[in-house]
K.L.:
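Pasting in a structure now, in structure tokens, and then I'll have a few things to ask.
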There are 2 protein chains.
Amino acid sequence: MSDGRNGPVTIHDVARAAGVSIGTVSKALNNTGSLAPATREKVLAAVKALNFRPNVLAKSLHTGLSGTVGLISNDSFGRFTMPIMEGLEGVLSENGMGVFMCNATDDAEREKAHLEQLLAKQIDGIVVTSRRADRRPAVDLQGIGLPVIYVFSHSDDPDDLTLLPDDEGGAFTAVSHLIQSGRKRIAHVTGPDHFEAVRLRQKGWLAALAQAGLPPGPILHGEWSEAHGRALTTELMVGPFRPDAILCGNDRIARGAADALRESGLRVPEDVALVGFDNWKVMVEACRPPLTSVDMNLRELGAETGRRMVQMIRGTPQSGTIRLPCSLVLRDSA
Amino acid sequence: MSDGRNGPVTIHDVARAAGVSIGTVSKALNNTGSLAPATREKVLAAVKALNFRPNVLAKSLHTGLSGTVGLISNDSFGRFTMPIMEGLEGVLSENGMGVFMCNATDDAEREKAHLEQLLAKQIDGIVVTSRRADRRPAVDLQGIGLPVIYVFSHSDDPDDLTLLPDDEGGAFTAVSHLIQSGRKRIAHVTGPDHFEAVRLRQKGWLAALAQAGLPPGPILHGEWSEAHGRALTTELMVGPFRPDAILCGNDRIARGAADALRESGLRVPEDVALVGFDNWKVMVEACRPPLTSVDMNLRELGAETGRRMVQMIRGTPQSGTIRLPCSLVLRDSA
DNA sequence: TTGAAAGCGCTAACAT
DNA sequence: ATGTTAGCGCTTTCAA
């Protein structure tokens with residue numbers, strides 16, 4: 001607490017207290033070189049007594065590594081970034097590393113400013129995340145060779161490493177489940193098709209139908225909202241194709257669908273089964289009935305990002321686009 | 001790009017390129033000391049040419065300041081932490097500072113581990129946030145005098161600085177609005193009363209009623225869910241007190257209330273007006289009708305945290321509990 | 001106005 | 001086994 005002098009406790013204070021040189025303290029702290037056990041004990045005792053905490057910034061000057069990663073979000077720390085960040089931070093902090101949060105909100109200027117700050121802070125790597133998984137220009141590292149991972153965001157440079165959920169596989173799994181539980185007329189109500197994820201999920205839906213020899217139902221596009229889920233579902237149900245199941249592009253659409261069906265006197269899942277996408281807790285639980293939904297496992301996506309980032313920082317380069325599996329979470333709607 | 005040598009460009013490289021000493025480069029960069037304009041130009045030209053970026057870690061060794069703040073969240077980066085983080089990061093990054101994200105999830109061990117990492121990284125301050133605003137033990141800084149701000153979380157040490165939304169004022173504003181629009185029988189359906197926020201909102205509700213000379217309606221407690229919103233509202237409507245308005249403890253409860261009312265044939269807001277709390281976009285917009293709700297202005301709360309953190313780091317100590325105003329966002333339900 | 005030199009807290013090679 | 005010393009990239013006196 002009161003070490004007599006002012007300012008933080010340094011390695012010199014420890015050396016003095018233990019009656020050794022600072023080099024010896026350093027060795028004791030890092031288990032390097034050779035040291036008499038007794039000396040080590042003495043040093044560690046002084047460290048405890050003085051409550052000494054090594055300054056990692058000073059250490060960084062030597063190693064060239066700061067033990068720090070920058071996370072640039074274009075999601076304003078939104079719903080998708082959160083779990084990714086959680087998984088990432090968990091893995092990195094286990095490795096003694098920290099995460100700098102930056103919010104760029106799809107503003108190139110802000111992103112550039114953040115990049116400058118991060119580089120000045122000597123970060124060891126960059127993670128770029130986004131609100132959606134469409135292609136974006138690669139971050140401009142100005143020739144500085146720094147590991148970069150795009151997660152839930154997609155660099156247009158194929159030499160970059162991009163981590164994404166397997167949207168197509170997720171949709172395939174969901175539709176296969178519907179088919180296995182006896183559904184034969186499966187429609188798809190989803191979001192705007194300028195989203196890559198929308199196109200991929202559509203592909204998975206079609207693939208599962210094709211594999212079972214079932215005809216593709218209609219596909220309806222709209223905004224990602226409950227209101228559109230209701231409207232599109234109503235539209236769908238008065239059409240010629242009477243679905244016995246609907247794969248929804250996200251949980252909000254699915255919840256809108258559930259409401260529309262119930263209010264038109266149809267039962268879920270007896271008359272029409274429903275599967276959502278995102279497995280967003282507040283949505284799936286509030287839905288009537290509770291919604292079966294595809295989970296993109298974003299937490300795990302973030303954790304995998306962390307593991308790969310550690311590898312890259314240690315010198316193993318990685319590139320390409322990797323898709324991690326989604327999982328279907330069963331509830332009452334399908 | 002290729003500066004001939006390996007590794008990052010240092011101040012020495014710039015000095016060499018500009019034909020001056022490193023001391024001169026430093027002065028040119030920081031506008032300190034006296035320097036011939038021509039020399040400054042020469043240096044800055046070299047900086048540009050080499051794409052030199054000062055190493056702030058090295059600078060930190062002198063200043064003792066890292067330009068870095070740690071944010072310890074106990075919310076797993078949840079819905080409430082997000083906007084706070086966004087506001088905080090915005091202000092701090094404007095000041096050239098960065099934010100380290102840590103997720104402690106209410107685990108004292110994890111919090112301690114994070115604290116150690118943050119201190120080793122020489123952070124200049126700590127922000128502690130939480131899922132709810134109940135009291136918590138102060139972070140143990142072990143005698144290190146470091147600025148700490150509790151936001152959307154409440155230290156049990158009155159000498160700490162705590163920033164919170166004005167729950168009571170928010171409820172008061174909401175109920176006053178209901179009264180002004182002619183409502184006279186105002187009930188309160190809310191969350192578990194072990195939440196400080198619940199008790200404060202209740203207080204605001206009562207105060208507004210008292211000021212208007214209206215009798216307090218019933219108050220019903222339940223979980224923060226739509227299901228409980230529906231159940232409690234149904235219970236309320238069959239009771240002896242026929243409310244013409246309900247202040248809801250959060251938006252989920254309010255949305256449940258809206259559904260229950262509509263499904264029992266009552267119109268919102270004609271028969272019963274509804275006000276929610278949180279102004280959570282997906283909830284208020286999906287609600288039928290769109291929900292009038294109290295916004296806690298968490299983004300601004302985060303921004304204010306950032307401003308005060310900057311002040312504290314600059315040497316102005318602060319303490320006490322400060323409550324920032326909520327605002328009522330009008331939509332169709334009241 | 002500019003340069004030389006002494007550190008900031010720490011590591012690591014080299015002496016002893 | 002331990003101490004000495006030369007930096008890591010930068011700032012900041014103090015001389016010149």
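From a predicted model like this one, the values you see are computed outputs, not experimental measurements. Letters go in sequence order (proteins before strands), and every chain restarts at 1. Only this structure's heavy atoms are used, side chains among them; waters, hydrogens and symmetry mates stay out.
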K.L.:
What's T39(A) touching, base or sugar-phosphate or nothing? Going by heavy atoms closer than 4.0 Å.
P.N.:
sugar-phosphate
K.L.:
Apply side chain to side chain contact (heavy atoms under 4.5 Å, CB included) to N74(A) and S153(A), showing your working.
P.N.:
CA-CA 9 Å; N74(A) 283 299; S153(A) 91; over 6 Å; no
K.L.:
From the options V127(A), L164(A), V139(A), select the one residue that forms a side-chain contact (heavy atoms from CB on, under 4.5 Å) with Y150(A).
P.N.:
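Only one option passes, and that is V139(A).
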K.L.:
Produce the list of close N/O pairs, under 3.5 Å, pairing protein atoms with atoms of nucleotides 11-14 of chain D; give distances to one decimal.
P.N.:
unit_1	atom_1	unit_2	atom_2	d
dT11(D)	OP1	N30(B)	ND2	3.1
dT11(D)	OP2	S26(B)	OG	2.8

K.L.:
Starting from the C-alpha separation in whole Å, work towards a yes-or-no answer on side chain to side chain contact (heavy atoms under 4.5 Å, CB included) for V151(B) and L88(B).
P.N.:
CA-CA 10 Å; V151(B) 54; L88(B) 175 71; over 6 Å; no
K.L.:
Over how many whole Å does the gap from H12(A) atom NE2 to dT5(D) atom P extend?
P.N.:
12 Å
K.L.:
What integer distance in Å separates E41(A):CD from dA1(D):P?
P.N.:
15 Å
K.L.:
For residues 305-316 of chain B, which residue pairs pass the side chain to side chain donor-acceptor pair (under 3.5 Å) check, not counting sequence neighbours?
P.N.:
E300(B)-R307(B), E304(B)-R307(B), E304(B)-R308(B), R308(B)-Q318(B)
K.L.:
From the 5' end of DNA chain C to its 3' end, which nucleotides mark the outer limits of contact with chain B, defined by a 4.0 Å heavy-atom distance cut-off (strictly under)?
P.N.:
dT1(C) to dG9(C)
K.L.:
If you compare every side-chain N and O of S34(A) against the phosphate oxygens of dT2(D) (OP1, OP2), does one of them come in below 4.0 Å?
P.N.:
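Checking S34(A) against dT2(D): no side-chain N or O falls below 4.0 Å of OP1 or OP2.
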K.L.:
Report which part of the nucleic acid V56(B) touches: base, sugar-phosphate, or nothing (heavy-atom distance under 4.0 Å, all strands).
P.N.:
nothing
K.L.:
When the ring planes of F100(B) and F100(A) are compared, do they come out parallel, tilted or perpendicular, using 30° and 60° as the limits?
P.N.:
parallel
K.L.:
I want to check something: taking the side chain as every heavy atom from C-beta on, are H114(A) and S93(B) in contact at a cut-off of under 4.5 Å?
P.N.:
yes
K.L.:
State which residue, out of V43(B), L44(B), L29(B), fulfils the side-chain contact (heavy atoms from CB on, under 4.5 Å) condition with V14(B).
P.N.:
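Among V43(B), L44(B), L29(B), the one meeting side-chain contact (heavy atoms from CB on, under 4.5 Å) with V14(B) is V43(B).
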K.L.:
Is any side-chain heavy atom of K27(A) closer than 4.5 Å to one of T39(A)?
P.N.:
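Not touching, per the 4.5 Å side-chain cut-off.
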